[in-house]
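Here is how names work: the chains are called A, B, and so on, in the same order as the sequence lines, proteins then strands, and each is numbered from 1.
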Amino acid sequence: MASERYNPRAAEPRWQKAWDAAKLFEAKNDDPRPKYYVLEMFPYPSGNIHIGHTRNYTMGDVVARYKRAAGYNVLHPMGWDAFGMPAENAAMQNKVHPKDWTYKNIDNMRAQLKTMGLSIDWSREFATCDVDYYHRQQMLFLDMLDKGLVTRKTSKVNWDPEDLTVLANEQVIDGRGWRSGALVEQRELTQWFFKITDFAQDLNDAIDTLDQWPEKVRTMQRNWIGRSEGLILRWKLDEASAEASGVKTIPVFTTRPDTLFGASFLAIAADHPLARKAAETDAELAAFCDECRRMGTSVAALETAEKRGYRTGLQVEHPFDPNWTLPVYVANFVLMEYGTGAVFGCPGHDQRDLDFARKYDLPVTPVVLPVGEDPMTFTIGAEAYVGEGTMVNSRFLDGMNPEAAFQEVASRLEKTELEGAPQAERKINFRLRDWGISRQRYWGCPIPIIHCEACGTVPVPKKDLPVKLPDDVEFDRPGNPLDRHPTWRHVSCPKCGGAAHRETDTMDTFVDSSWYFTRFTAPWEKEPTDKAAANGWLPVDQYIGGIEHAILHLLYSRFFTRAMQATGHVDVSEPFKGLFTQGMVVHETYKSADGKWLSPSEVRLSNDDGVRSAVEIATGKLATIGGLEKMSKSKKNVVSPEEITESYGADTARWFMLSDSPPERDVEWTEDGAAGVHRFVQRLWRLLSGAGEKLVNIAPANGQAGDALELSRAVHKALKAVGDDIEKLAFNRAVARVHELVNAIAAPLGRVAEGNADADLRASARQCVEFVIAMVAPFMPHLAEEVWATLGESDLLAARAWPKFDPALVIDNEIVLPVQINGKKRGDLTITRDADQAAIQSAVLSLDFVVKALEGKEPRKLIIVPQRIVNVVV
RNA sequence: GCGGGCGUGGUGAAAUGGUAUACACACCGGACUUAAAAUCCGGAGGCUUCGGCCAUGCGGGUUCAAGUCCCGCCGCCCGCACCA
């Protein structure tokens, strides 16, 4: 009897098994149908799938199932971003080997994912910590080294002087090491880099071609690459300064040479060679520079710090006036990594320079006059003027616009000689820096290099790959266990055979995630790629992941694909054709009385007259309720989707994740919705299976008249709308459409279930049930299969094609036009779809409320927007 | 600090510049029941002198028409190169 409740616990594993047995989701590289590659950002195996994963993978799965039904050869793989710090932290805390911890987590999470009924090709699964994978990554590294895309240079790291180890930015809290509490210092280390800047121009230009990416991500990438056109301008030190410092000029990069006459100081980075030199003889300056270095390496920390400077005593001459000298400061907001590590300050037209000038009482001269201001009275107050205008106080530039002034300054100084070189040259500068990939950690891909005293850095020959991580390591102390391993690092030089040692740095985990999507196209291949397979599948047609990856992961992947192209591993340069950035799943955070993060399962919430409070269950002490934040392991505000799946089943969890909130927006996970969604699942089951039982062996057909016709109209319209919504990834709207449809078909399907339906209605009902399960199948694949079986069918719905709607049934002959008077809706006009302007006009003007509003006068204006709206202006 | 985004009922939200609040959650009422659950049906932005008026974070502007476009604020969130 159809009124039985649907039992997902029994049905879901049954269908999952049936799909597996039919190998429905295993993609064949030689399938002749058009390809569609849908991919969700692979997870870090933290231990449990959380609700954010559920949402991400369900979105991808809806697309995968829909595209499969639409006739594509779909690749929808899954893997594990398995290297990284948490495994080492776990090793230190729980005395468990990173490898064991990671693979155990993977097993757990794979099992959790499988209960969700995702249409994933599990035959291609791998983890980035699999030797097979990082072996090929080492091959790629060597090829890129060969191509000149890898370099070695120094860069700064956060150094914990107590634990004697390098810290990640996240391990630096308020300038102190998270374990030791010691003040963090900057240290220079020689590290390996990928030369992403070689591709800066192309990475920037090609953003224009990514028309299926969100505009905001494209903007963020452009800003990150930060292409700017400016001048390298060399400032002459005055004689005393030149003698003191041993150099004659300071090169400065500027994008605003037009404001040169508003300059009032030069500022250099604490790590600028000149600052270092000056600090040798100036203890106070040395102390200031040290202090700057103690801010760690994070740009955010640097820039939020109060702007401070130290006057060096050095002076430079203005390029256009040898008698005009400007002081040179060392300033904490100037970065050695950007431009030349030195800037000239123009306080009138740059807010940071203005703050600095006010603090150190430096002159503020406006040189760009806003339109409508009087040059005699215009002054700069608390805010710098950064807009357009006319040059003033600028001698030969006066009266020009800033652009012309830029060109004038550039062309004059290009021709001026200073110390045997042009005083200025035009330069295109990028904010983008080379990608430092060295990590002083164990749990990462070893960099396949050997250091030999005689031969220098020697690549490990490919035949000797993989350089495997040793398993016998200790985590009883901070620092890199590879460094102190008794034997692993000692090898003989591949070139001269002499004693040498391995590189003990491992690669940034962003390297692992920069080509996994390419590896999925042929994960069994001995070479990094099967070029034909990679070319066939790439680019990924739809990539789905968190907005938090908008810049780094996506930019590194774009670079890496180019680098793989340059080394002959693939022929595409852009890895992701379509990108969708889902919102994050947020949840309240909780902290115990002694300030530790607590997970939702560790607290008991109560609500007294609207005042919410939380109690830590273990201690009975009051806990603090914090804001909604991105679910993260470190804040422990992570909710397991298992509880939904266990009690309600995967279909409920899947439907819940995609209903209500638009996919690109953050969603707060609440218990409330799950029960409601489950009721809907049961309702749908009752409705469809109840009618379905009576529809076995009925041939589906469009309804011809009356209720049957109305039913077909509703269903065909919904089918079209749901298909369109899925194409646009507007899952929440698709869900709302299905709700609407179910409300509309409940009555007629009820009559079918009761046996009170004529042949016309039965045929249209059969079609209706088939369409509805096709529509919901991408979201609730198990329930859809169950209903399909109820219809007496024995094949798998997941292998069937998306139905076709009948265009004649989705167009109405009569339309309802809203009628506004002065922009406010006052009524409707029902009229035939093809009515012309004149017919609409006369119909509108004879409407009661229009006649009343006009009071016998002519309308001032009548606006008719075809198929949309009518506005009568009185 | 810099870059990017978001803000609509009690809640999640819908709306190619064109009917603001679809759809759902929670809530309230009714039916069924000895009762409850489940189910089914119905109600609902606020104010109102019942004519209407006011509402999309706040303040201006463009337009016949603004949640949507422009300008200026406020609040929250994301990223900032060693978290992944």
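Considering only the side chain of Trp224(A), rA81(B) comes nearest among rG1(B), rA84(B), rA81(B). Nearest nucleotide to the His739(A) side chain, out of rC23(B), rG79(B), rC64(B): rC23(B). Nearest nucleotide to the side chain of Ser298(A), out of rA81(B), rA14(B), rU19(B): rA81(B).
Taking 3.5 Å as the limit, the base of rU16(B) and the side chain of Arg868(A) contain a donor-acceptor pair of atoms between them.
Applying the 90° cutoff around 0 to the glycosidic angle, rG30(B) is assigned anti. Base orientation of rG60(B): anti, the glycosidic angle falling outside 90° of 0.
A salt bridge does not link Asp724(A) with Arg733(A): none of the charged nitrogens is closer than 4.0 Å to a carboxylate oxygen.
Residues forming a ring-ring contact (aromatic ring centres under 6.0 Å, His included) with Tyr648(A) (at least two apart in sequence, or on another chain): His678(A). In this structure, the side-chain contact (heavy atoms from CB on, under 4.5 Å) partners of Thr255(A), at least two apart in sequence or on a different chain, are Ser228(A), Phe253(A). By the side-chain contact (heavy atoms from CB on, under 4.5 Å) test, Leu189(A) is found to be paired with Val157(A), Val166(A), Gln191(A), Gln440(A), residues two or more places apart in sequence or in another chain being considered. Every residue two or more places apart in sequence or in another chain that forms a side chain to side chain donor-acceptor pair (under 3.5 Å) with Thr197(A) is listed here: Asp434(A). By the side-chain contact (heavy atoms from CB on, under 4.5 Å) test, Asp350(A) is found to be paired with Arg352(A), Asp353(A), residues two or more places apart in sequence or in another chain being considered. For Asp355(A), the side-chain contact (heavy atoms from CB on, under 4.5 Å) partners at least two apart in sequence or on another chain are Gln351(A).
The phosphate of rA14(B) (OP1 or OP2) has a side-chain N or O of Asn732(A) nearer than 4.0 angstrom. For Arg665(A), no side-chain nitrogen or oxygen approaches OP1 or OP2 of rC78(B) to under 4.0 Å. Look at Asn223(A) and you won't find any side-chain N or O under 4.0 angstrom from OP1 or OP2 of rC2(B). Residue Ser661(A) has no polar side-chain atom (N or O) positioned under 4.0 Å from OP1 or OP2 of rG12(B). Within the structure, every side-chain polar atom (N or O) of Lys216(A) is placed at least 4.0 Å from both OP1 and OP2 of rG5(B). The shortest distance between the side-chain N/O atoms of Arg686(A) and the OP1/OP2 oxygens of rA38(B) is not below 4.0 Å. Considering only side-chain N and O atoms, Arg5(A) lies nowhere under 4.0 angstrom from the phosphate OP1 or OP2 of rA38(B). Using a 4.0 Å cut-off, no side-chain N or O of Asn871(A) falls inside it from OP1 or OP2 of rU19(B).
Residues in residues 81-93 of chain A take part in these side chain to side chain donor-acceptor pair (under 3.5 Å) pairs, two or more places apart or across chains: Asn89(A)-Arg179(A).
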Could you write nucleotides 25-33 of chain B as a row of B, S and -, 5' to 3', where a protein heavy atom under 4.0 Å of any base atom gives B, of only sugar-phosphate atoms gives S, and otherwise -? SS-------

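Sorted by residue number, the members of residues 817-827 of chain A with any non-hydrogen atom under 4.0 Å from RNA chain B read Pro818(A), Gln820(A), Lys824(A), Lys825(A), Arg826(A). Proximity of residues 185-196 of chain A to RNA chain B (heavy atom under 4.0 angstrom from any strand atom) is restricted to Gln191(A).
Nucleic acid contact class of Val166(A) (heavy atoms, under 4.0 Å, all strands): base. Gly436(A) comes within 4.0 angstrom of the backbone, heavy atoms only, and of no base. The residue Val873(A) sits close only to the backbone: its heavy atoms come under 4.0 Å of sugar-phosphate atoms, none of a base.
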Let me have RNA chain B in dot-bracket notation, would you? Count Watson-Crick plus G-U wobble pairs, both distances under 3.5 Å, and use [ ] for pairs crossing earlier ones and | for inter-strand partners. (((((((..(((.....[....))).(((((.......))))).(((....)))..(((((..]....))))))))))))....

Trace of the side-chain hydrogen bond (donor to acceptor under 3.5 Å, both in side chains) decision for Thr297(A) with Gln186(A): CA-CA 7 Å; Thr297(A) 60; Gln186(A) 285 181 10; over 6 Å; no

Any N/O pairs under 3.5 Å between the protein and nucleotides 66-72 of chain B? List them or say none.
none

